[in-house]
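One structure is given below, encoded as C-alpha coordinates.
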Amino acid sequence: MQVPFESLGNHEIKLPTDSSKEEIGKIKDELKDFGFEFIDHPKKVLTQRIKECIQLWMENQDQFHTIKISSFLSEKLQHHYSYLSSVFSETAHISIEHYIILKKIELVKDLYVNRNFTLTEISYLLNYSSVSHLSFQFKKTVGLTPKEYKNYIILRKKDL
(Lines give C-alpha, C1' and ligand atoms only; values in the text may rest on other atoms or scores of the structure.)
Protein backbone atom coordinates (compact mmCIF):
# COMPACT_ATOMS: atom_id res chain seq x y z
CA MET A 1 0.00 0.00 0.00
CA GLN A 2 3.09 2.19 -0.01
CA VAL A 3 2.43 3.51 3.50
CA PRO A 4 5.61 3.82 5.54
CA PHE A 5 5.61 2.35 9.04
CA GLU A 6 7.95 1.47 11.89
CA SER A 7 7.85 -2.03 13.39
CA LEU A 8 7.69 -1.94 17.18
CA GLY A 9 7.77 -5.72 17.61
CA ASN A 10 5.05 -7.59 19.50
CA HIS A 11 2.85 -7.44 16.37
CA GLU A 12 2.72 -3.66 16.56
CA ILE A 13 3.57 -0.94 14.09
CA LYS A 14 3.77 2.81 14.33
CA LEU A 15 2.50 4.94 11.47
CA PRO A 16 3.86 8.39 10.71
CA THR A 17 1.99 11.10 12.61
CA ASP A 18 1.14 12.75 9.30
CA SER A 19 -0.79 9.70 8.00
CA SER A 20 -4.07 10.78 6.47
CA LYS A 21 -7.44 9.43 7.57
CA GLU A 22 -7.73 7.91 4.11
CA GLU A 23 -4.43 6.01 4.50
CA ILE A 24 -5.43 4.79 7.96
CA GLY A 25 -8.83 3.72 6.62
CA LYS A 26 -7.18 1.70 3.84
CA ILE A 27 -4.84 0.05 6.35
CA LYS A 28 -7.76 -0.86 8.63
CA ASP A 29 -9.63 -2.41 5.69
CA GLU A 30 -6.58 -4.35 4.53
CA LEU A 31 -5.86 -5.66 8.01
CA LYS A 32 -9.49 -6.71 8.48
CA ASP A 33 -9.29 -8.77 5.26
CA PHE A 34 -6.44 -10.75 6.85
CA GLY A 35 -8.17 -11.17 10.21
CA PHE A 36 -6.16 -8.48 12.02
CA GLU A 37 -7.42 -5.60 14.10
CA PHE A 38 -6.23 -2.02 13.96
CA ILE A 39 -6.00 -0.72 17.51
CA ASP A 40 -5.28 2.97 17.72
CA HIS A 41 -6.61 3.98 21.13
CA PRO A 42 -3.90 3.94 23.85
CA LYS A 43 -6.16 2.25 26.42
CA LYS A 44 -7.11 -0.48 23.93
CA VAL A 45 -3.42 -0.99 23.16
CA LEU A 46 -2.70 -1.34 26.88
CA THR A 47 -5.59 -3.78 27.26
CA GLN A 48 -4.15 -5.91 24.47
CA ARG A 49 -0.76 -5.85 26.18
CA ILE A 50 -2.39 -6.94 29.45
CA LYS A 51 -3.99 -9.88 27.64
CA GLU A 52 -0.64 -10.83 26.11
CA CYS A 53 1.04 -10.67 29.52
CA ILE A 54 -1.70 -12.81 31.08
CA GLN A 55 -1.14 -15.37 28.32
CA LEU A 56 2.60 -15.29 29.00
CA TRP A 57 1.98 -15.72 32.74
CA MET A 58 -0.33 -18.66 32.10
CA GLU A 59 2.08 -20.36 29.70
CA ASN A 60 4.62 -20.62 32.53
CA GLN A 61 2.41 -22.57 34.91
CA ASP A 62 5.04 -22.49 37.67
CA GLN A 63 4.22 -18.80 38.02
CA PHE A 64 0.73 -19.64 39.31
CA HIS A 65 2.50 -20.71 42.49
CA THR A 66 5.26 -18.10 42.72
CA ILE A 67 4.21 -14.79 41.17
CA LYS A 68 0.91 -12.99 41.71
CA ILE A 69 -0.62 -11.73 38.49
CA SER A 70 -0.84 -8.20 39.91
CA SER A 71 2.92 -8.11 40.51
CA PHE A 72 3.64 -9.74 37.16
CA LEU A 73 1.53 -7.24 35.20
CA SER A 74 2.87 -4.23 37.11
CA GLU A 75 6.45 -5.30 36.50
CA LYS A 76 5.97 -6.12 32.82
CA LEU A 77 3.90 -3.07 31.92
CA GLN A 78 5.44 -0.53 34.29
CA HIS A 79 2.12 0.68 35.73
CA HIS A 80 0.41 0.25 39.08
CA TYR A 81 -1.96 -2.69 39.08
CA SER A 82 -4.89 -0.48 40.07
CA TYR A 83 -4.40 1.58 36.89
CA LEU A 84 -4.06 -1.55 34.73
CA SER A 85 -7.16 -3.03 36.30
CA SER A 86 -9.15 0.16 35.74
CA VAL A 87 -8.12 0.47 32.08
CA PHE A 88 -8.78 -3.22 31.42
CA SER A 89 -12.26 -3.10 32.96
CA GLU A 90 -13.10 0.06 31.04
CA THR A 91 -12.06 -1.27 27.64
CA ALA A 92 -12.66 -5.03 27.91
CA HIS A 93 -15.85 -4.70 29.99
CA ILE A 94 -14.62 -7.46 32.30
CA SER A 95 -12.26 -7.45 35.26
CA ILE A 96 -8.75 -8.85 34.94
CA GLU A 97 -9.65 -11.44 37.58
CA HIS A 98 -12.71 -12.63 35.66
CA TYR A 99 -10.74 -12.68 32.40
CA ILE A 100 -8.14 -14.91 34.08
CA ILE A 101 -10.87 -17.22 35.36
CA LEU A 102 -12.20 -17.58 31.81
CA LYS A 103 -8.68 -18.29 30.50
CA LYS A 104 -8.10 -20.84 33.27
CA ILE A 105 -11.37 -22.60 32.50
CA GLU A 106 -10.36 -22.86 28.84
CA LEU A 107 -7.09 -24.42 29.98
CA VAL A 108 -8.96 -26.78 32.33
CA LYS A 109 -11.10 -27.94 29.39
CA ASP A 110 -8.00 -28.70 27.34
CA LEU A 111 -6.10 -30.43 30.13
CA TYR A 112 -9.08 -32.48 31.31
CA VAL A 113 -10.64 -33.46 27.99
CA ASN A 114 -7.75 -33.55 25.52
CA ARG A 115 -4.75 -34.36 27.69
CA ASN A 116 -6.47 -36.57 30.30
CA PHE A 117 -5.13 -34.77 33.37
CA THR A 118 -7.06 -35.50 36.55
CA LEU A 119 -8.92 -32.71 38.29
CA THR A 120 -6.52 -33.09 41.21
CA GLU A 121 -3.54 -32.52 38.91
CA ILE A 122 -5.23 -29.57 37.24
CA SER A 123 -6.24 -28.08 40.57
CA TYR A 124 -2.63 -28.16 41.75
CA LEU A 125 -1.21 -27.00 38.42
CA LEU A 126 -3.49 -23.95 38.23
CA ASN A 127 -3.17 -23.14 41.92
CA TYR A 128 -6.77 -23.77 42.93
CA SER A 129 -7.25 -24.20 46.67
CA SER A 130 -9.09 -27.49 46.11
CA VAL A 131 -10.71 -29.68 43.47
CA SER A 132 -14.11 -28.59 44.77
CA HIS A 133 -13.21 -24.92 44.20
CA LEU A 134 -12.10 -25.74 40.65
CA SER A 135 -15.29 -27.74 40.01
CA PHE A 136 -17.47 -24.98 41.46
CA GLN A 137 -15.80 -22.32 39.31
CA PHE A 138 -16.01 -24.57 36.24
CA LYS A 139 -19.74 -25.21 36.72
CA LYS A 140 -20.42 -21.53 37.43
CA THR A 141 -18.61 -20.55 34.20
CA VAL A 142 -19.56 -23.37 31.82
CA GLY A 143 -22.90 -24.47 33.26
CA LEU A 144 -21.76 -28.10 33.53
CA THR A 145 -19.52 -29.95 35.94
CA PRO A 146 -16.13 -30.94 34.50
CA LYS A 147 -17.29 -34.58 34.22
CA GLU A 148 -20.54 -33.58 32.47
CA TYR A 149 -18.55 -31.37 30.09
CA LYS A 150 -16.09 -34.16 29.29
CA ASN A 151 -18.91 -36.64 28.66
CA TYR A 152 -20.65 -34.09 26.43
CA ILE A 153 -17.50 -33.54 24.35
CA ILE A 154 -16.90 -37.29 24.04
CA LEU A 155 -20.48 -37.84 22.83
CA ARG A 156 -20.19 -34.96 20.39
CA LYS A 157 -16.99 -36.38 18.93
CA LYS A 158 -18.69 -39.75 18.42
CA ASP A 159 -21.54 -38.09 16.53
CA LEU A 160 -19.11 -36.48 14.08
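- With rounding to the nearest 0.5 angstrom, the CD atom of Glu148 is 5.0 Å from the NZ atom of Lys139.
- A 6.0 Å sphere centred on NZ of Lys76 holds no more than 12 heavy atoms belonging to other residues, nucleotides or ligands.
- In terms of hydrophobic clustering, with Ile, Leu, Val, Met, Phe, Trp and Tyr side chains grouped at heavy-atom distances under 4.5 Å, Ile50 and Ile94 are assigned to a common cluster.
- Of the possible donor and acceptor atoms, none in the side chain of Trp57 sits under 3.5 Å from a partner among the backbone N and O of Glu52.
- Under the 4.5 Å side-chain contact rule for hydrophobic residues, Leu56 and Ile96 share a cluster.
- Partners of Glu75 by salt bridge (Lys or Arg N to Asp or Glu O under 4.0 Å), not counting sequence neighbours: none found.
- Checked for salt-bridge contact, Lys103 and Glu106 miss the test: no charged N lies under 4.0 Å from a carboxylate O.
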For side-chain contact (heavy atoms from CB on, under 4.5 Å), just list the numbers for Lys140 and Ile101, CA-CA rounded to whole Å, side-chain angles, deciding distance to a tenth of an Å, and then say yes or no.
CA-CA 11 Å; Lys140 185 178 173 187; Ile101 289 169; over 6 Å; no
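- To the nearest 0.5 Å, atom CD1 of residue Ile153 and atom NZ of residue Lys158 are 13.0 Å apart.
- Annotation for Ser130 and Ser132: closest pair OG-OG, 3.0 Å, computed over non-hydrogen atoms.
- The side chain to side chain donor-acceptor pair (under 3.5 Å) pairs that include a residue from residues 80-95 are Lys43-Glu90, Thr47-Thr91, Tyr81-Glu97, where partners are two or more places apart or lie in different chains.
- Put simply, Leu111 and Leu102 are part of the same group of oily side chains (I, L, V, M, F, W, Y) that touch within less than 4.5 Å, one to the next.
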For Phe138 and Leu119, what are the C-alpha separation, side-chain angles and deciding distance, and is it a side-chain contact (heavy atoms from CB on, under 4.5 Å)?
CA-CA 11 Å; Phe138 190 97; Leu119 290 176; over 6 Å; no
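- For the atom pair CG (Leu46) and NE2 (His79), the distance works out to 5.5 Å, reported to the nearest 0.5 Å.
- The closest donor-acceptor contact from the side chain of Gln137 to the backbone of Leu134 lies at 3.5 Å or more, if one exists at all.
- To the nearest 0.5 Å, the span separating CG on Leu126 from CG on Leu107 amounts to 5.0 Å.
- With a 6.0 Å cutoff to the six-membered ring centre and a 45° limit on the axis angle, Lys104 does not count as a cation-pi contact of Tyr99.
- Between atom CZ of residue Arg115 and atom CD1 of residue Ile122 there is a gap of 9.5 Å, rounded to the nearest 0.5 Å.
- For the residue pair Thr118/Thr120, the side-chain donor-acceptor check at 3.5 Å is not satisfied.
- The CG atom of Leu155 sits 13.0 Å away from atom NZ of Lys150, with the distance rounded to the nearest 0.5 Å.
- Heavy atoms only, all atoms of each residue included: Leu77 and Cys53 are closest at CD2-SG, 3.9 Å.
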